[in-house]
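Beneath this line is the structure, given in structure tokens, with notes to follow.
Both ligands and their constituent atoms are indexed starting at 1 by order of listing. Computed from a prediction, not measured in an experiment: that's the story for all the values here.
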Amino acid sequence: MTKKITIAIDGFSSTGKSTIAKQLAKQLGYIYVDTGAMYRAVTLYAMQQNYISDSHFNSENLIIDLNNITLSFSFNESLGFAEIYLNNINVEKTIRTIEVSRLVSKVAAISEVRRKLVSEQQEMGKNKGIVMDGRDIGTVVFPDAELKLFMTASADKRATRRYKELLNRGDKVNFEEVLHNVQERDRIDSTREDSPLIEADDAIEFDNSDMGLKEQFDRIMSLVNTRLGL
Ligand code: DC
């Protein structure tokens, strides 16, 4: 049987982690897990229950209610990736709004939330053959991953990508707001106490500010092939 590895992709927001992760998973026939979607879905739940808004956060109530949150992924053939379900409802689109983006870093800083999601992520990856992207995959979730990538790009490039994505979805946003959100999330994600966004010692850094998708994919695939002994 062909050897299977674990690929951990971390980095700042909107650095194209999910794009490369999806490409790799498709090429290798691996499972792809977007862990940011899991933190976003918990945030959406907290918003629906009125535990969090721009002006308040009742984290105690969210913690008590965590057992009532069931997250699952279901592969969508036409999209070519797995969509996330919150208590059996497809929330793939709802979790990408700027409202969720504004609050998610606060929810992701709660240790009880992280404990729940990290253990679910480790369970999904126990048989390897997985590409997972997030902020703590190479440092906390899979510290023994065979390949760890750390993605970066300038804040301006990242905000431009996210802005175009939101406009394409039909969301009404302005560029300044998106840029502010990207920078603010990076600040909270990098400075939180529990599992901050840091580069693992053995990660390979990719600054894709000026790198095309094809070049990036080819370079990363050659790293994968080395790990696979090919
Ligand atoms: O990848 P994303 O932008 O969809 O992630 C949303 C937020 O979730 C991000 O700002 C920080 C948090 N997150 C995290 O703390 N740990 C992860 N493994 C993935 C995401």
Side-chain angles (χ1 to χ4, degrees), residues 6-22 32-47 52 57 59 62 69 71 73 81-84 86 91-125 130-143 145 148-153 155 157-166 169 171 173 178-200 203 208:
T6 299
I7 303 176
I9 306 180
D10 291 303
F12 296 102
S13 49
S14 305
T15 42
K17 298 185 294 295
S18 68
T19 304
I20 183 67
K22 281 177 196 160
Y32 161 55
V33 177
D34 171 359
T35 64
M38 299 172 75
Y39 289 93
R40 286 172 180 272
V42 172
T43 305
L44 180 65
Y45 181 84
M47 290 162 73
I52 193 167
F57 184 17
S59 55
L62 172 62
I69 301 178
L71 303 179
F73 286 94
F81 64 89
E83 295 182 292
I84 190 161
L86 164 63
V91 292
E92 184 64 36
K93 281 211 175 69
T94 337
I95 58 165
R96 313 274 168 203
T97 58
I98 193 92
E99 288 77 18
V100 173
S101 298
R102 260 205 315 266
L103 299 171
V104 63
S105 288
K106 288 185 192 161
V107 171
I110 305 295
S111 292
E112 286 82 354
V113 171
R114 303 204 69 81
R115 251 199 315 271
K116 172 184 168 76
L117 299 192
V118 166
S119 94
E120 292 178 11
Q121 290 153 11
Q122 288 172 333
E123 181 64 26
M124 289 188 258
I130 193 163
V131 186
M132 194 172 274
D133 78 9
R135 304 293 189 286
D136 59 343
I137 312 305
T139 50
V140 176
V141 182
F142 298 125
K148 298 180 186 178
L149 304 171
F150 192 88
M151 315 303 288
T152 67
K157 280 263 158 65
R158 295 188 284 121
T160 305
R161 287 176 192 158
R162 185 53 64 107
Y163 178 62
K164 283 187 186 155
E165 235 172 69
L166 290 166
R169 290 167 32 117
D171 286 9
V173 283
V178 176
L179 177 63
H180 175 75
N181 175 257
V182 161
Q183 291 172 322
E184 188 56 12
R185 276 202 290 141
D186 289 344
R187 188 187 64 75
I188 304 178
D189 295 342
S190 310
T191 54
R192 69 177 173 227
E193 236 165 74
D194 191 341
S195 320
L197 167 62
I198 43 166
E199 185 172 344
N208 59 21

Ion pair present between Lys116 and Glu120, side-chain N to carboxylate O less than 4.0 angstrom?
->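 Here Lys116 pairs with Glu120 in a salt bridge, since their nearest N and O are under 4.0 Å apart.
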Leu71 side chain reached by Leu86 side chain, heavy atoms, under 4.5 Å |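 Touching, per the 4.5 Å side-chain cut-off.
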Heavy-atom cut-off of under 4.0 Å around ligand 1: list whichever protein residues fall inside it, by chain and number.
->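 Near ligand 1, by chain and number: Thr35, Gly36, Tyr39, Arg40, Val104, Ser105, Ala108, Arg114, Gly134, Arg135, Asp136, Ile137, Arg185, Asp189, Arg192.
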Taking atom types as modelled, find out whether Ser18 and Asp34 have a side-chain donor-acceptor pair closer than 3.5 angstrom.
->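 No donor-acceptor contact under 3.5 Å links the two side chains.
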Take Ser101 and Arg40 through the test side-chain hydrogen bond (donor to acceptor under 3.5 Å, both in side chains) and record every step on the way to the result.
-> CA-CA 8 Å; Ser101 298; Arg40 286 172 180 272; 3.1 Å; yes
Mind running side-chain contact (heavy atoms from CB on, under 4.5 Å) on Phe57 and Leu62 for me, showing each step along the way?
-> CA-CA 9 Å; Phe57 184 17; Leu62 172 62; 4.2 Å; yes
Starting from the C-alpha separation in whole Å, work towards a yes-or-no answer on side-chain hydrogen bond (donor to acceptor under 3.5 Å, both in side chains) for Thr15 and Asn208.
-> CA-CA 7 Å; Thr15 42; Asn208 59 21; 5.9 Å; no
